[in-house]
2 protein chains.
Amino acid sequence: MNEFDKLKEKLKEKGFKLTTQRRVILDVIMENKNKHLSSEEIYDLVKRKYPEIGLATVYRTLQLFEELGLVYKLNFDEGRNRYELYQEDAHQHHHLICLKCGNVIEMEGDLLEDLEKLIEKTKNFEIVDHNVKFYGYCSNCRNKV
Amino acid sequence: MNEFDKLKEKLKEKGFKLTTQRRVILDVIMENKNKHLSSEEIYDLVKRKYPEIGLATVYRTLQLFEELGLVYKLNFDEGRNRYELYQEDAHQHHHLICLKCGNVIEMEGDLLEDLEKLIEKTKNFEIVDHNVKFYGYCSNCRNKV
DNA sequence: TGACAATTGAAAATGAATATCATAAACTAT
DNA sequence: ATAGTTTATGATATTCATTTTCAATTGTCA
């Protein structure tokens with residue numbers, strides 16, 4: 001099942017409508033799979049394909065997509081949200097944020113199973129999601145010292 | 001060395017001044033060691049001891065304290081920052097955020113050494129800090145189903 | 001097709017955080 | 001202690017991402 005069928009299905013399930021705007025926004029997100037676009041960046045890209053769109057619609061839609069699990073909200077402490085496509089297979093990854101150049105590098109793999117098990121046991125806390133960021137210096141910036 | 005001496009020393013080191021406001025703000029943070037107060041909450045508490053203080057001073061001071069390493073900035077995706085006292089001994093902990101009641105529970109221990117080593121090796125990325133949050137349901141809310 | 005609810009775009013509103021600027025307070029060397 | 005220099009403060013205005021409002025539009029389903 002492709003992303004559009006998923007969108008259609010999830011919308012229908014909850015009584016939401018499939019609009020052109022929603023289709024175009026998903027389109028843009030899919031074309032930028034690994035890019036962590038901000039709401040404003042998505043708005044700019046969407047406007048090229050659908051100039052009449054309003055900024056509020058983009059914000060509303062991203063929020064909706066997050067609730068539907070189509071998209072994942074990221075926060076890199078810049079005072080704005082970013083989004084990435086939720087990919088079942090590839091979702092287990094962490095972000096490495098370079099304190100010098102600001103680049104965000106992906107670290108594939110989850111690797112938190114043991115820690116999560118420990119938490120579930122010692123705290124009786126049922127984990128459904130996590131958010132892990134590492135701050136430091138990327139290979140590029142390390143070499144430039 | 002207590003926190004006030006630390007403050008004094010770190011300020012002097014960088015040519016900053018030790019003001020009553022800064023002292024009172026640190027005071028409030030220390031009195032609420034494990035509370036994750038927001039800037040506004042700190043402002044309210046500080047005003048009780050020092051009513052003339054301005055909101056901007058609180059924001060400025062928290063930013064300064066973070067730079068000095070006295071305080072740690074937290075982001076629980078509420079659109080506002082929270083702060084906790086930086087405690088050398090007890091700083092290695094993670095936050096468990098309950099999706100139902102919103103409570104934040106502390107999980108002592110770091111337990112990321114292996115993952116960090118792996119990242120440093122495979123990505124040649126020098127880690128200096130990390131930020132780990134787990135989302136799920138706390139023991140209280142699990143029992144209330 | 002028609003009816004009804006959900007959706008949209010434009011503009012205004014919100015709210016946390018930051019910038020501005022004149023006044024005040026802290027530090028330094030005398 | 002004091003004068004002189006610099007940093008800090010408080011009040012206010014401003015910024016900027018995001019949300020709300022509301023009238024007009026558009027999907028969906030019988």
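All chains are named by letter (A, B, ...) in the order of the sequence lines, taking the proteins before the strands, and each is independently numbered beginning at 1.
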Asker: From CD of B:Glu13 over to C1' of D:dT7, roughly how many Å is that when rounded to an integer?
Answerer: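 Atom CD in B:Glu13 sits about 17 Å away from atom C1' in D:dT7.
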Asker: Report each atom pair, protein N/O against N/O of nucleotides 3-7 of chain C, whose distance is under 3.5 angstrom.
Answerer:
{"from": "C:dA5", "atom 1": "N3", "to": "A:Lys17", "atom 2": "NZ", "distance (Å)": "2.7"}
{"from": "C:dA6", "atom 1": "O4'", "to": "A:Lys17", "atom 2": "NZ", "distance (Å)": "3.2"}
{"from": "C:dT7", "atom 1": "OP1", "to": "A:Lys17", "atom 2": "N", "distance (Å)": "2.9"}
{"from": "C:dT7", "atom 1": "OP1", "to": "A:Arg22", "atom 2": "NH1", "distance (Å)": "2.5"}
{"from": "C:dT7", "atom 1": "OP1", "to": "A:Arg22", "atom 2": "NH2", "distance (Å)": "3.0"}
{"from": "C:dT7", "atom 1": "O5'", "to": "A:Arg22", "atom 2": "NH2", "distance (Å)": "3.4"}

Asker: Is any side-chain heavy atom of B:Ile29 closer than 4.5 Å to one of B:Ile42?
Answerer: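 The answer is yes, as the side chains (C-beta and beyond) meet within the 4.5 Å cut-off.
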Asker: With respect to the phosphate group of C:dT18, does any side-chain polar atom (N or O) of B:Tyr59 fall under 4.0 Å of OP1 or OP2?
Answerer: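 Result: no.
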Asker: So if I take residues 28-55 of chain B and measure heavy-atom distances to DNA chain D, which residues fall below 4.0 Å?
Answerer: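 Listed by number, they are B:Tyr50, B:Glu52, B:Ile53, B:Gly54.
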Asker: If you look only at pairs with a residue in residues 126-138 of chain B, which of them pass as a salt bridge (Lys or Arg N to Asp or Glu O under 4.0 Å), with sequence neighbours excluded?
Answerer: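 For residues 126-138 of chain B: A:Arg142-B:Glu126, B:Asp77-B:Lys133.
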Asker: Determine, using the 4.5 Å side-chain heavy-atom cutoff (strictly less than), whether B:Phe65 and B:Val58 are members of one ILVMFWY cluster.
Answerer: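 Yes, it is one cluster - the side chains of B:Phe65 and B:Val58 are joined through contacts under 4.5 Å.
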Asker: Between A:Gln21 and A:Arg60, is any pair of side-chain heavy atoms under 4.5 Å apart?
Answerer: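 Side chain of A:Gln21 against side chain of A:Arg60, heavy atoms only: no contact under 4.5 Å found.
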Asker: Distances under 3.5 Å only, N/O to N/O: pair up the protein atoms with those of nucleotides 11-15 of chain C.
Answerer:
none

Asker: Would you please classify the geometry between the B:His36 ring and the B:Phe76 ring as parallel, tilted or perpendicular, with 30° and 60° separating the classes?
Answerer: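 Ring orientation of B:Phe76 relative to B:His36: perpendicular.
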Asker: Please give, in whole Å, the distance from D:dT15 P to A:Glu78 CD?
Answerer: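 About 21 Å, once rounded to whole Å.
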Asker: Can you give me every donor-acceptor pair (side chain of residues 5-16 of chain A, partner residue at least two apart or in another chain, under 3.5 Å) with its distance?
Answerer:
{"from": "A:Lys6", "atom 1": "NZ", "to": "A:Glu3", "atom 2": "OE2", "distance (Å)": "3.2"}
{"from": "A:Lys10", "atom 1": "NZ", "to": "A:Leu68", "atom 2": "O", "distance (Å)": "2.9"}

Asker: Does A:Asn81 make a side-chain N or O approach to OP1 or OP2 of D:dT18 shorter than 4.0 Å?
Answerer: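 Yes, within the criterion.
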Asker: My understanding is that only residues two or more places apart in sequence, or in another chain, count here; which of them pass salt bridge (charged side-chain N to carboxylate O under 4.0 Å, His left out) with B:Glu108?
Answerer: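 By the salt bridge (charged side-chain N to carboxylate O under 4.0 Å, His left out) rule, B:Glu108 matches A:Lys123.
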Asker: So, do B:Leu74 and B:Asn81 sit near enough that their side-chain heavy atoms are less than 4.5 Å apart?
Answerer: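 Contact flag for B:Leu74/B:Asn81 side chains = no.
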Asker: Show me the pairs that pass side-chain hydrogen bond (donor to acceptor under 3.5 Å, both in side chains) and involve residues 110-122 of chain B, at least two apart or across chains.
Answerer: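 Only B:Glu116-B:His130 qualify under side-chain hydrogen bond (donor to acceptor under 3.5 Å, both in side chains).
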Asker: Listed by chain and number, what are the salt bridge (charged side-chain N to carboxylate O under 4.0 Å, His left out) partners of A:Glu106, not counting sequence neighbours?
Answerer: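 Partners of A:Glu106 by the salt bridge (charged side-chain N to carboxylate O under 4.0 Å, His left out) criterion come out as none, since no residue qualifies.
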Asker: Tell me every residue that passes side chain to side chain donor-acceptor pair (under 3.5 Å) with A:Asn34, counting only those two or more places apart in sequence or in another chain.
Answerer: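 A:Asn34 satisfies side chain to side chain donor-acceptor pair (under 3.5 Å) with no other residue.
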Asker: Tell me the interatomic distance from B:Lys14, atom NZ, to D:dA8, atom P, rounded to whole angstroms.
Answerer: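 My rounded result for the distance is 13 Å.
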Asker: Please name all residues satisfying side chain to side chain donor-acceptor pair (under 3.5 Å) with A:Asn103, sequence neighbours left out, ordered by chain then number.
Answerer: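 Expected list: none.
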Asker: In degrees, rounded to 10°, what is the bend between the two ends of the helix from C:dT1-D:dA30 to C:dT30-D:dA1, using five pairs at each?
Answerer: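 That helix has its two terminal axes inclined by roughly 40°.
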Asker: Which pairs pass salt bridge (Lys or Arg N to Asp or Glu O under 4.0 Å) with one or both residues in residues 31-53 of chain B, sequence neighbours excluded?
Answerer: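 Pairs touching residues 31-53 of chain B that pass the test: B:Asp27-B:Lys49, B:Glu31-B:Lys49, B:Glu41-B:Arg82.
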Asker: Tell me what A:Gln63 touches on the nucleic acid: a base, only sugar-phosphate, or nothing, going by heavy atoms under 4.0 Å.
Answerer: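 Answer is sugar-phosphate: A:Gln63 comes under 4.0 Å of backbone atoms only.
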Asker: Please report the distance, rounded to the nearest Å, between CG in B:Asn75 and C1' in C:dA16.
Answerer: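 So the CG-C1' distance, B:Asn75 to C:dA16, works out to 12 Å.
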Asker: Measure the distance from CG on A:Asp77 to P on C:dA16 and round it to the nearest whole Å.
Answerer: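 These atoms are roughly 17 Å apart.
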Asker: Expressed in angstrom and rounded to an integer, what is the separation of B:Lys8 atom NZ from D:dT7 atom P?
Answerer: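 Going from NZ in B:Lys8 over to P in D:dT7 covers 20 Å.
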Asker: Donor-acceptor check, side chain of A:Arg22 to backbone of A:Lys17, threshold 3.5 angstrom: yes or no?
Answerer: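 Yes.
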Asker: Rounding to a whole Å, what distance do you find between B:Glu66:CD and C:dT18:C1'?
Answerer: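 To the nearest whole Å, that distance equals 15 Å.
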